[in-house]
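Take this structure, written in structure tokens, and hold onto it; I'll ask about it next.
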Amino acid sequence: MSPAALTTPPSTLITVAPTGAESSKVDVPALPVTLDELVSTARDAEAIGAAVIHVHIRDAEARPTLDLGLLQDTVAALRETTSLVIQLSTGGAVTDPEQDRLRVVEAAPDAASCTMGTVNFGRDVFLNRWDFIVELHNRMRDAQVVPEYEIFDLGQLTTLQRLLDNHGLPYGEHVHVDLVMGVRGGMPGTAHALVAAVGVLPPGASFAATGVGRSSIPVMLAALSTGGHLRVGMEDTLTYSPEEPVRDNAQLVARAAGLAKIAQRPPMSIPDARSLLGVRPPAAVA
Ligand code: KMH
Ligand code: ZN
């Protein structure tokens, strides 16, 4: 085969998920929970190769919150200090009411998560009823917010296809999925499970993958070798290697960027990420 026949492999979209809703600051002192800590984390992640930030915020006592005013302040601060695509979590914590989760889109992020079904979440239940999913999908389109469809188990991809068939494409008209693997109650964080999920993605969809805990590295390697993108961060991973706690989010982003370079799929630029996902150009954002 001549070199000209080879196609250039796509670059890798790296999302940093720095905080989540499950870990406490007391247990994990390096977790960014204040706005200053979040902004500093975002700037570091951007410098190392992240293009998207998946945001959960905390209140003054470092408890998870979906307070709309705080979310608006967070979006404003991240826009001022970084060029990252700002993706707010609508999953929140397992205890958050549906109405609060729906209102997240009113904080005017570029993007937001949208989970495709209910899943056991350790000893808890992460509830995502069909009617809630439809309402969130529609509100996001009305608000010009790009969804990242979060998939915790294989059947949730069937739900995604049904959503698209019955309610149409999202804002931006591109479907982007994040496979969240290795949650206790969801699909395992293995290469075999990832390949099965990739086989039933909606046509034309792009995907990222996240391996929770010890599944972080196998999922990253499987995603890179199947053309997928990466999400990493302390929302999902608190141990860098057996017995070694994660130092900070930058350490995880650096590892992802390094593996992406080794795979000859270097980190995607932020303009390319905006174009792939179909988010509004920065100038169009109020
Ligand atoms: N914290 C989990 C219950 C999302 O951000 O949309 C849900 C979650 C998914 O993290
Ligand atoms: Zn999340």
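In what follows, residues are counted from 1 in the order of the sequence shown. Remember, it's 1-based here, ligands and their atoms both numbered in the order they're listed.
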Problem - Closest protein heavy atom to atom 4 (C) of ligand 1, given as residue, atom name and distance to 0.1 Å - result: Ser89 OG, 3.3 Å
Handout entry: Atoms of ligand 1 close to His56 [distance to a heavy atom under 4.0 angstrom, numbered from 1]
Key = 1 (N), 5 (O), 10 (O)
Problem - Any donor-acceptor N/O pair, Gln156 side chain to Phe152 backbone, under 3.5 Å - result: yes
Handout entry: Sub-4.5 Å side-chain heavy-atom contact between Leu66 and Thr90
Key = no
Problem - Glu150, any N or O under 3.5 Å of ligand 1 N or O - result: no
Problem - Ring-face cation of Arg255 near Tyr240 (centre distance under 6.0 Å, axis angle within 45°) - result: yes
Exercise for the section: Out of Gly20, Gly92, Ala21, indicate the one that has the non-hydrogen atom closest to atom 1 (N) of ligand 1. Expected result: Gly92
Practice task
Provide, to 0.1 Å, the distance between atom 10 (O) of ligand 1 and the closest protein heavy atom, together with that atom's residue and name.
Solution key: Glu235 OE2, 2.9 Å
Exercise for the section: Report yes or no: do His54 and Thr15 form a side-chain donor-acceptor pair below 3.5 Å? Expected result: no
Practice task
For Glu22, counting its heavy atoms only, list the atoms of ligand 1 lying under 4.0 Å from any of them.
Solution key: 1 (N), 2 (C), 3 (C)
Problem - Derivation of the side-chain hydrogen bond (donor to acceptor under 3.5 Å, both in side chains) call for Ser241 and Glu244 - result: CA-CA 5 Å; Ser241 62; Glu244 184 187 355; 2.7 Å; yes
Exercise for the section: Any chance you could measure Ile86, atom CD1, to Leu78, atom CG, to the nearest 0.5 Å? Expected result: 5.0 Å
Practice task
Take Glu61 and Lys25 through the salt bridge (charged side-chain N to carboxylate O under 4.0 Å, His left out) test and state the conclusion after the steps.
Solution key: CA-CA 9 Å; Glu61 276 78 46; Lys25 183 75 171 172; over 6 Å; no
Problem - Nearest non-hydrogen protein atom, atom 6 (O) of ligand 1 - result: Ser113 OG, 2.6 Å
Problem - N/O separation below 3.5 Å, Gly91 to ligand 1 - result: yes
Practice task
Please confirm if an N, O or S atom belonging to Glu235, backbone or side chain, lies less than 2.8 Å from the Zn ion (ligand 2).
Solution key: yes
